[in-house]
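Taking it in order: structure first as structure tokens, then the write-up.
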Amino acid sequence: MPEQVKIIVGLGNPGRDYAETRHNVGFMVLDRLARRFGAVWKLDKGRKAELASGPGVLLVKPQTYMNLSGECVGPIMRYFKFAPEQVFVVYDDISFPVGTLKLRAGGSAGGHNGIKSLIAHLGTEKFPRARVGIGVPGQKDMVGHVLGKFAPDERPLLEECLAKAEEAAVTVLQQDFQAAANKFNTKKEKKPKPKKEPAPPADAPEPGREPSPAANAAPAE
């Protein structure tokens with residue numbers, strides 16, 4: 001039976017300058033959860049984090065900057081004697097368009113510096129996570145993209161995705177990770193296979209060609 005999640009971590013960068021940037025969607029989701037639970041954020045300088053208590057769960061926003069997130073999360077996990085499987089992480093992903101939410105039970109960092117740090121300090125890749133799509137940068141500068149803000153036309157999709165991520169986290173707590181993954185992972189629609197046309201009779205005329213008079217002639221006596 002899988003371990004019950006006890007810590008939810010949202011990744012981001014501290015400070016007003018980063019508050020609404022693409023890289024901070026993890027913080028955005030955690031703020032929604034705190035409001036939902038009526039929890040108050042408190043800065044814990046010793047643990048390098050902002051902490052808030054929900055029903056049976058600790059909400060964590062590392063204040064170490066993104067690439068050092070593990071320096072905060074690892075010690076908190078060990079202090080409370082939780083396993084990595086009990087740490088649910090919400091973060092941004094440039095592999096998906098804005099509005100996409102993907103839940104994953106573990107895996108590599110995929111180039112994300114915050115996840116690289118968590119893997120190093122948790123000692124494993126096996127911790128559940130929710131990836132919030134922030135748009136594929138394409139030819140844009142990577143740093144400029146992740147540290148930039150969402151365009152006005154992206155905001156409705158973003159808000160919808162943040163709401164889904166919030167509900168996914170609640171489902172993880174109330175049921176388990178697999179239930180949340182089954183409910184919130186976007187499934188690809190199967191394209192219907194084209195129907196095969198029945199084969200024409202062997203004596204049928206070719207398309208566009210009239211049958212020859214001989215074909216309709218009466219048989220010779």
Side-chain angles (χ1 to χ4, degrees), residues 1-13 21-33 54 56-62 66-74 76-77 82-137 142 145-146 150 154 157-190:
M1 187 173 179
E3 296 277 8
Q4 180 67 35
V5 165
K6 293 294 184 181
I7 299 175
I8 299 181
V9 178
L11 298 187
N13 287 309
T21 61
R22 295 174 190 267
H23 225 14
N24 273 39
V25 293
F27 278 12
M28 296 177 196
V29 174
L30 268 284
D31 285 338
R32 294 178 72 106
L33 286 170
V57 68
L58 181 66
L59 306 180
V60 179
K61 293 195 296 185
M66 182 67 80
N67 61 339
L68 300 176
S69 299
E71 292 183 4
C72 158
V73 180
I76 290 176
M77 179 192 75
F82 293 140
E85 292 85 356
Q86 294 177 286
V87 180
F88 180 59
V89 183
V90 185
Y91 65 102
D92 59 291
D93 197 312
I94 60 168
S95 303
F96 307 120
V98 177
T100 305
L101 176 69
K102 294 285 185 180
L103 273 67
R104 190 180 185 190
S108 68
H112 193 287
N113 289 329
I115 298 298
K116 283 181 184 177
S117 180
L118 284 175
I119 290 172
H121 287 270
L122 270 59
T124 181
E125 296 181 347
K126 295 180 180 179
F127 53 88
R129 56 197 81 170
R131 299 177 289 169
V132 179
I134 60 168
V136 182
M142 179 69 72
H145 179 69
V146 299
F150 291 92
E154 293 176 316
L157 284 172
L158 172 66
E159 290 301 319
E160 182 181 340
C161 191
L162 295 178
K164 284 195 294 185
E166 176 190 345
E167 292 299 330
V170 171
T171 303
V172 167
L173 294 175
Q174 293 179 346
Q175 299 180 47
D176 57 27
F177 175 80
Q178 193 56 54
N182 291 342
K183 183 176 181 180
F184 291 95
N185 272 346
T186 306
K187 295 179 181 177
K188 291 182 179 179
E189 293 185 6
K190 292 183 179 179

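Please read these numbers as outputs of a predicted model, since none were measured by experiment. If you read the sequence from its start, that first residue is 1, and numbering goes on from there.
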Is there a donor-acceptor pair under 3.5 Å between the side chain of H145 and the backbone N or O of R22?
no

Do L118 and R129 come within less than 4.5 Å of each other through their side chains, counting heavy atoms only?
no

Correct closest heavy-atom pair for A109 and I119 would be N-CD1, 3.8 Å

If you look at every heavy atom in T100 and C161, which pair is closest and at what distance?
O-SG, 3.4 Å

Here the gap from E166 atom CD to T171 atom OG1, rounded to the nearest 0.5 Å, amounts to 10.5 Å

Of all heavy-atom pairs between M77 and A83, which one has the smallest distance, and what is that distance?
SD-C, 3.9 Å

Roughly how far, to the nearest 0.5 Å, is the CG atom of D93 from the CG atom of L101?
10.5 Å

Working to the nearest 0.5 Å, report the span between OG of S69 and CD1 of I115.
8.0 Å

Calculate, to the nearest 0.5 Å, the distance between atoms CD and CD belonging to Q174 and Q4 respectively.
10.0 Å

Does N185 reach the main-chain N or O of L103 with its side chain, forming a donor-acceptor pair under 3.5 Å?
yes

Does the side chain of L33 reach to within under 4.5 Å of the side chain of V170, using non-hydrogen atoms?
yes

Cationic tip of K164 above F184 ring, under 6.0 Å, 45° of axis
no

Taking the side chain as every heavy atom from C-beta outward, state whether E85 and F127 have any pair of such atoms under 4.5 Å apart.
no

When you check the gap from the basic side-chain N to the acidic O, do R32 and E167 get nearer than 4.0 Å?
no

I want to check something: taking the side chain as every heavy atom from C-beta on, are V60 and V87 in contact at a cut-off of under 4.5 Å?
no

Heavy-atom side-chain proximity of V5 to F177 below 4.5 angstrom
no

M28 and D31, any side-chain heavy atoms less than 4.5 Å apart
no

Please examine the side chains of M66 and H112, heavy atoms only from C-beta on, and report whether any two atoms are closer than 4.5 Å.
yes

What verdict does the side chain to side chain contact (heavy atoms under 4.5 Å, CB included) test give for H121 and V73, after you've listed the backbone C-alpha separation in whole Å, the side-chain angles of each residue and the deciding distance to 0.1 Å?
CA-CA 8 Å; H121 287 270; V73 180; over 6 Å; no

I134 side chain reached by F150 side chain, heavy atoms, under 4.5 Å
yes

